[in-house]
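Bear in mind the structure is a predicted one, so any value in this text is a computation, not a measurement.
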Amino acid sequence: MAKVSLVYISLSGNTASFIKRLTVFLQERHEGLEVEQINIKDLVKEGQDFFVMDNPFVAFLPTYLEGGNGVDSGDVEILTNDLARFIDFENNYKKCFGIVGSGNRNFNNQYCLTAKQYAQRFDFPLLDTFELRGLQNDIERIGCKIEDLYHI
């Protein structure tokens, strides 16, 4: 049976909630499917070293920015930089199918801007976006995309 790897960072709990519900969705559709959940925040907090991914993965990234408007006055990524360091570590980005961004639509051009920047920086696709904790239709839509990527 296939193994799906989801690499993410969750600060407020929204992304972690999405990953948990996405895991349930995938496992209900594919009996025996192994879903590996890697929360980069936990790795850093526990003082664990980054490691080379042995499986292709999908990355999930909330948007935390400081300053700017996302169009012409710049922005600074805050709080989520550890995910970029993990993706860059020993060329892990080469095993990344792409990234899913989350954010708040109230921030207009900055909605999921960090995920868009990662896609450009690491040259992998922005697979999808969802708002805040995501809705069930977001889980299903993104889950189906992950099934296609892993051919399950």
Would Tyr93 and Tyr118 count as a side chain to side chain contact (heavy atoms under 4.5 Å, CB included) if you check the C-alpha gap in whole Å, the side-chain angles of each, and the deciding distance to 0.1 Å? CA-CA 10 Å; Tyr93 68 90; Tyr118 276 39; over 6 Å; no

Do Leu11 and Ile87 belong to the same hydrophobic cluster, where Ile, Leu, Val, Met, Phe, Trp and Tyr are linked whenever their side-chain heavy atoms lie under 4.5 Å apart, directly or via other members?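 Leu11 and Ile87: one cluster.
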
I'd like to know if Phe89 and Val7 are part of one continuous hydrophobic network [Ile/Leu/Val/Met/Phe/Trp/Tyr, side-chain heavy atoms within less than 4.5 Å].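 Same cluster: Val7 reaches Phe89 through Ile, Leu, Val, Met, Phe, Trp or Tyr contacts under 4.5 Å.
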
Determine whether [X] and [Y] make a side-chain contact, defined as any pair of heavy atoms from C-beta on separated by less than 4.5 Å.
X      : Y      : answer
Phe97  : Ser5   : no
Leu22  : Phe130 : no
Phe124 : Ile99  : yes
Glu36  : Val4   : no
Val44  : Phe50  : yes
Ile146 : Val100 : no

Can you check whether [Y]'s main-chain N or O pairs, donor with acceptor, with [X]'s side chain at less than 3.5 Å?
X      : Y      : result
Lys145 : Leu127 : yes
Gln27  : Leu33  : yes
Asn92  : Met53  : yes
Thr63  : Ser102 : yes

Begin from the C-alpha positions of Thr15 and Ile9 and carry the test side chain to side chain contact (heavy atoms under 4.5 Å, CB included) through to its verdict. CA-CA 7 Å; Thr15 306; Ile9 190 162; over 6 Å; no

Supply the atom-to-atom distance [X] [atom1] to [Y] [atom2], rounded to the nearest 0.5 angstrom.
X      : Y      : atom1 : atom2 : value
Leu6   : Leu26  : CG    : CG    : 7.0 Å
Lys95  : Asp54  : NZ    : CG    : 6.5 Å
Leu61  : Leu83  : CG    : CG    : 5.5 Å
Phe122 : Asp88  : CZ    : CG    : 4.5 Å
Leu132 : Ser17  : CG    : OG    : 11.0 Å
Phe25  : Asp138 : CZ    : CG    : 11.5 Å

Taking the six-membered ring for Trp, are Phe86 and Phe51 ring centroids under 6.0 Å apart?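 Under 6.0 Å, so yes.
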
Should we say atom CG of Asp123 is surrounded by more than 12 heavy atoms from elsewhere, each under 6.0 Å from it?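 No, the 6.0 Å shell around CG holds no more than 12 heavy atoms from other groups.
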
So does Gln120 have more than 12 non-hydrogen atoms from other groups sitting under 6.0 Å from CD?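 At most 12 heavy atoms, drawn from other residues, nucleotides or ligands, come within 6.0 Å of this atom.
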
Smallest separation among heavy atoms of [X] and [Y], with atom names:
X      : Y      : answer
Cys112 : Gly103 : SG-N, 3.8 Å
Arg121 : Ala84  : NH1-CB, 3.5 Å
Lys20  : Gln37  : CA-NE2, 4.4 Å
Phe18  : Gly134 : CD1-CA, 4.0 Å
Ser10  : Ala16  : OG-N, 3.0 Å
Asp128 : Arg141 : OD2-NE, 2.7 Å

Quick test of your reading of the model: are Asp82 and Arg85 salt-bridged, counting only N-O distances below 4.0 Å?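 A salt bridge is present here (some side-chain N lies under 4.0 Å from a carboxylate O).
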
Can you list the steps and then say if Ile19 with Asn39 is a side chain to side chain contact (heavy atoms under 4.5 Å, CB included)? CA-CA 10 Å; Ile19 295 295; Asn39 186 346; over 6 Å; no

Could you walk me through whether Ile38 and Phe57 satisfy the side chain to side chain contact (heavy atoms under 4.5 Å, CB included) test, starting with their C-alpha distance in whole Å, then the side-chain angles of each, then the deciding distance to 0.1 Å, before giving a yes or no? CA-CA 10 Å; Ile38 302 169; Phe57 66 96; over 6 Å; no

